[in-house]
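Notes follow the structure.
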Amino acid sequence: MSHAEPAPRSLNFIEHVIEGDNASGKWGAWTRQDAASGQDASNPDAHAATEARIGKPRVHTRFPPEPNGYLHVGHAKSICLNFGLARAYGGKFNLRFDDTNPAKEEREYIQAILRDVLWLGADWSGPFGGGLYYSSDYFERMYEWTRELIRKGKAYVCGLTADEVSQRRGKPGVPATSPFRDRPAEDSLRLLEEMRDGKHPDGSMTVRARIDLGSPNFNLRDPVMYRILHQAHPHAGGKWCIYPMYDWAHGLEDSLEEITHSICTLEFEDHRPLYDWFIDAINEARGGAKGSGPGAGLHSQGSAKGEFGPAIHHAQQIEFAKLIPTYTVMSKRNLLKLVQDGTVKGWDDPRMPTIAGMRRRGYPAESLRDFCLGVGVTKADSLIDVGRLENAVRHTLNRSAPRVMGVLRPLKVVIDNWSEGKTDELDFVINPEDPSAGKRKVPFGRELFIEQDDFMENPPRKFFRLAPGQEVRLRWAYIIKCVGVEKDAAGSVVLVRCTHDPATRGGDIPLGPDGKPVRKVQGTIHWVSAAHAARARVRLFDRLFTAEEPGKRTGNALDDLNPRSLEEVEALVDPWLVKNAKVRTRTPMETVHCSSGADSPAAKGPITCPEPDRVQFERLGYFCVDPDSGPEFGGTGQAGMLVLNRTVTLKDTWARESGKA
RNA sequence: UGGGGAUUGGUGUAACGGUAGCACGGCUGACUCUGGAUCAGCUAGUCUAGGUUCGAAUCCUAGAUCCCCAGCCA
């Protein structure tokens with residue numbers, strides 16, 4: 001063992017389960033037919049992945065969002081996990097809308113979710129994609145299965161109202177009750193049909209599973225399978241007025257899609273016995289092997305066996321702890337409230353922890369993926385320092401973002417020994433981390449602006465910036481020396497007079513006879529030329545909440561809102577931005593394989609996504625173009641207006657140190 | 001009080017009876033035309049009490065603490 005082997009990445013507990021399943025052959029192997037279904041056949045990469053898949057152990061995951069809001073960073077973790085597993089094991093990943101409750105769901109959310117999932121790179125019809133599905137496309141089958149369970153004596157139509165069910169729920173040790181539990185199957189079958197036909201009002205009756213009214217697990221106390229809801233559905237339209245409950249539907253969806261590993265969050269752990277019960281109940285008196293392996297799924301054509309047909313597929317559910325970052329709220333209820341209250345300007349407000357918000361804020365998809373990968377997967381509740389997400393963003397952007405100079409809070413500087421009207425063109429390194437990015441020119445003149453923070457009349461020790469009598473380097477320009485200040489009536493410095501050293505053009509200090517620089521200048525500050533600078537409206541964001549865990553104190557997260565989460569300043573920026581920066585419209589994917597064909601909102605055209613250009617303002621942070629900018633910047637705002645978002649600051653050890661003092 | 005989960009440095013996460021490791025943060029220092037980046041070093045941990053064992057984060061017993069569940073939400 002003389003040479004170092006690259007350490008294999010340690011597996012998380014879900015990967016251990018999968019590797020165990022693969023070793024034992026639990027889920028069988030991909031067949032030729034199975035391996036390609038759900039994918040875009042015209043994609044050559046998909047074809048290659050399909051060929052590679054045939055014969056390998058099946059790993060099929062899914063991400064099942066309800067379209068009742070925008071996706072947030074917690075969903076991003078689930079997407080990365082599920083898609084990442086499919087890719088790592090050469091399997092497939094489905095996107096499935098869990099659209100069982102039309103009261104809360106909207107088409108706008110469907111579109112937003114498609115955009116966000118694709119933006120993150122979880123391409124459901126690409127090489128590792130299994131297609132796009134809607135639970136509502138399965139309603140007919142679920143209805144048939146419901147009839148089957150009634151016929152088997154495992155379900156019944158219950159005439160209790162919601163309040164009555166609640167009153168009769170029982171307590172630990174005290175069983176629930178229902179007077180309708182022994183209703184004859186023929187009666188239930190007839191009532192179910194009437195429910196479907198719209199003959200009964202909302203809330204008047206439900207279909208319930210006959211399981212165990214005394215179970216210590218309340219999910220098993222005859223849970224509701226169907227409720228009446230006379231409401232149009234964003235995907236199914238007006239076809240239904242009864243809708244399946246999530247608990248009844250979810251395992252069936254996984255079954256139909258032949259999902260192997262159904263990954264969800266911890267709160268569904270004690271629903272698992274219910275899902276298992278439903279599948280077992282359907283498989284009772286059916287043929288074929290129960291419990292595992294492909295059954296009567298969407299893509300297989302198993303021959304009918306047993307009274308009710310072949311056994312259906314039974315996915316394995318695995319639960320993990322959801323992602324909770326500090327200083328943010330994750331519940332859709334709270335996020336929706338922020339939007340409806342007008343606390344933020346919409347689901348994609350850059351302060352929101354939504355994927356759309358983070359994209360608009362300037363976070364690259366790659367950073368989100370790195371972050372999600374980095375936090376790991378376990379069953380232990382964990383609070384993730386949101387600074388970790390910000391670090392991931394800095395890490396990506398440091399390598400990729402072009403540098404530019406801009407002054408947020410301008411202070412005027414006049415170079416006394418620079419002649420009026422004279423302009424110099426200086427070389428500016430576009431990205432020191434990426435020499436291939438090259439150089440460009442930046443204009444310099446007699447009047448400049450620097451950052452107010454970069455000048456102090458009475459500086460503390462170790463203030464390596466501009467101060468009376470002190471020298472500083474202007475980035476890529478000249479060494480200047482402060483020779484005087486002018487103040488307004490209130491005594492504030494409004495203008496700094498300096499001289500420049502012509503021998504330091506480009507920012508280099510001349511070398512002495514010994515080959516060493518003749519003097520040392522500690523500080524370098526950024527600047528813009530007053531005659532050339534462009535104006536920009538810059539939005540500076542702070543955390544939306546002031547508490548690590550919003551709502552921990554009072555129970556209401558909104559009590560911890562940060563009243564100063566947004567500040568807007570008029571900045572002066574490098575004119576280069578005006579010609580080069582914009583919000584670009586990307587088309588992440590042209591074709592979409594979908595269970596419901598041309599009826600799907602997704603099938604109505606390519607999915608487009610705004611992707612803002614990002615830059616680093618040297619010494620300040622990363623910024624991106626906001627769509628509130630004018631049309632010339634790819635936005636929808638007032639013509640000529642450039643609006644920038646501060647994505648994240650640079651690490652600032654000076655601010656921390658000087659703050660301590 | 002019934003049921004279901006969880007507990008390893010400040011934070012996140014490995015180790016599956018055999019040297020408690022990694023990442024982030026923090027602290028030093030080097031380097032630097034961004035007080036950025038980069039590089040090097042340091043820092044600090046098995047919830048508690050018993051038990052089994054040559055050996056326990058890991059197995060057993062008892063306890064503590066935290067999270068989830070009693071929607072016709074998902």
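All values below come from the heavy atoms of this structure, side chains included, with hydrogens, waters and symmetry mates left out. Lettering of chains follows the sequences in order, A, B, ..., and the numbering in each one begins at 1.
Put simply, A:Thr100 has a side-chain N or O that comes within less than 4.0 Å of OP1 or OP2 on B:rA74. In this model, the phosphate group of B:rA74 is not approached by any side-chain N or O of A:Arg333 to a distance below 4.0 Å at OP1 or OP2. Considering only side-chain N and O atoms, A:Arg169 lies under 4.0 angstrom from the phosphate OP1 or OP2 of B:rC72. Phosphate proximity of B:rU11 to A:Thr326: absent, as no side-chain N or O sits under 4.0 Å from OP1 or OP2. Phosphate proximity of B:rG35 to A:Arg619: present, with a side-chain N or O under 4.0 Å from OP1 or OP2. When the side-chain nitrogen and oxygen atoms of A:Thr378 are compared with OP1 and OP2 of B:rU13, one or more of them lie within a distance under 4.0 Å. For B:rC72, the OP1/OP2 oxygens have no side-chain nitrogen or oxygen of A:His230 closer than 4.0 Å. A:Arg403 has no side-chain polar atom (N or O) that falls below the 4.0 Å cut-off from OP1 or OP2 of B:rA37. The shortest distance between the side-chain N/O atoms of A:Asn391 and the OP1/OP2 oxygens of B:rG25 is below 4.0 Å. In terms of phosphate contacts, A:Arg221 brings no side-chain nitrogen or oxygen within less than 4.0 Å of OP1 or OP2 of B:rG71. Taking only side-chain nitrogens and oxygens, A:Arg473 never comes nearer than 4.0 Å to OP1 or OP2 of B:rU32.
Of the candidate nucleotides B:rA37, B:rC73, B:rA6, B:rC73 has the atom nearest to the side chain of A:Arg227. Proximity note for A:Ser382 (side chain, C-beta onward) versus B:rG12, B:rG2, B:rC73: the nearest is B:rG12. For A:Val165, the listed nucleotide lying nearest its side chain is B:rC72; candidates were B:rG5, B:rC72, B:rG2. Of all nucleotides listed (B:rG35, B:rG3, B:rG12), B:rG35 comes nearest to the side chain of A:Phe464. For A:Glu66, the listed nucleotide lying nearest its side chain is B:rC73; candidates were B:rG36, B:rC73, B:rG35. In this structure, the nucleotide among B:rA6, B:rG36, B:rG26 sitting nearest to the side chain of A:Thr653 is B:rG36. Taking only side-chain atoms of A:Glu269, from C-beta outward, the nucleotide of B:rG4, B:rU34, B:rU7 with the closest atom is B:rG4. When distances run from any side-chain atom of A:Glu267 to the nucleotides B:rA74, B:rU34, B:rG26, the shortest one goes to B:rA74.
Within the 4.0 angstrom heavy-atom criterion, base atoms lie near A:Pro432. Counting any heavy atom pair closer than 4.0 Å across all strands shown, A:Leu650 reaches a base atom. Base engagement by A:Lys462 is indicated by at least one non-hydrogen atom pair under 4.0 Å involving a base atom.
Taking only distance into account, the side chain of A:Asp270 meets the base of B:rG3 through a donor-acceptor pair shorter than 3.5 Å. With hydrogens and angles ignored, a donor-acceptor pair under 3.5 angstrom links the side chain of A:Arg465 to the base of B:rG35. Checked by distance alone, A:Glu433 brings no side-chain donor or acceptor within 3.5 Å of a matching partner on the base of B:rU38.
If you take atom C1' in B:rG12 and the same atom in B:rU52, they sit 33 Å apart, rounded to whole Å. B:rG26 and B:rU19 have their C1' atoms separated by 27 Å, given to the nearest Å. Taking the C1' atoms as reference points, B:rA64 lies 10 Å from B:rA49, given to the whole Å. Taking the P atom of each, B:rA15 and B:rC22 are spaced 15 Å apart, rounded to whole Å. To the nearest whole angstrom, the two P atoms, one in B:rG36 and one in B:rU28, are 13 Å apart. For the C1' atom pair drawn from B:rA44 and B:rA6, the interatomic distance equals 23 Å after rounding to whole Å. For B:rG50 and B:rU11, the P atoms lie 25 Å apart once the distance is rounded to whole Å.
Distance A:Leu11 CG to B:rU13 P: 16 Å, rounded to the nearest Å. A:Asp385 has its CG atom 16 Å from the P atom of B:rG9, to the nearest Å. The CG atom of A:Asp370 sits 13 Å away from the C1' atom of B:rA23 (whole-angstrom rounding).
Figure legend: A:Arg543 and A:Phe545 shown without cation-pi pairing, the cationic atom not lying both under 6.0 angstrom from the six-membered ring centre and within 45 degrees of its axis.
The glycosidic torsion of B:rG5 lies more than 90° away from 0, placing the base in the anti range.
Across all strands shown, B:rU7 is found opposite B:rA64 as a Watson-Crick or G-U wobble partner, with both distances under 3.5 Å.
Checking A:Arg168 against A:Ser178 by side-chain atom types alone, no donor-acceptor pair falls below 3.5 Å. Between the side chains of A:Gln317 and A:Glu319, at least one donor N or O sits under 3.5 Å from an acceptor N or O. For the residue pair A:Glu105/A:Asn68, the side-chain donor-acceptor check at 3.5 Å is not satisfied.
No more than 12 heavy atoms of other residues, nucleotides or ligands sit less than 6.0 Å from atom NZ of A:Lys481.
Sequence order on RNA chain B of the closest nucleotides to A:Asp99 and A:Asp381 puts A:Asp381 first from the 5' end.
A distance cut-off of 5.5 Å between ring centres, combined with a plane angle under 30°, leaves A:Phe218 outside any stacking arrangement with the base of B:rA70.
Under a 4.0 Å N-O distance rule, the pair A:Asp427/A:Lys441 qualifies as a salt bridge.
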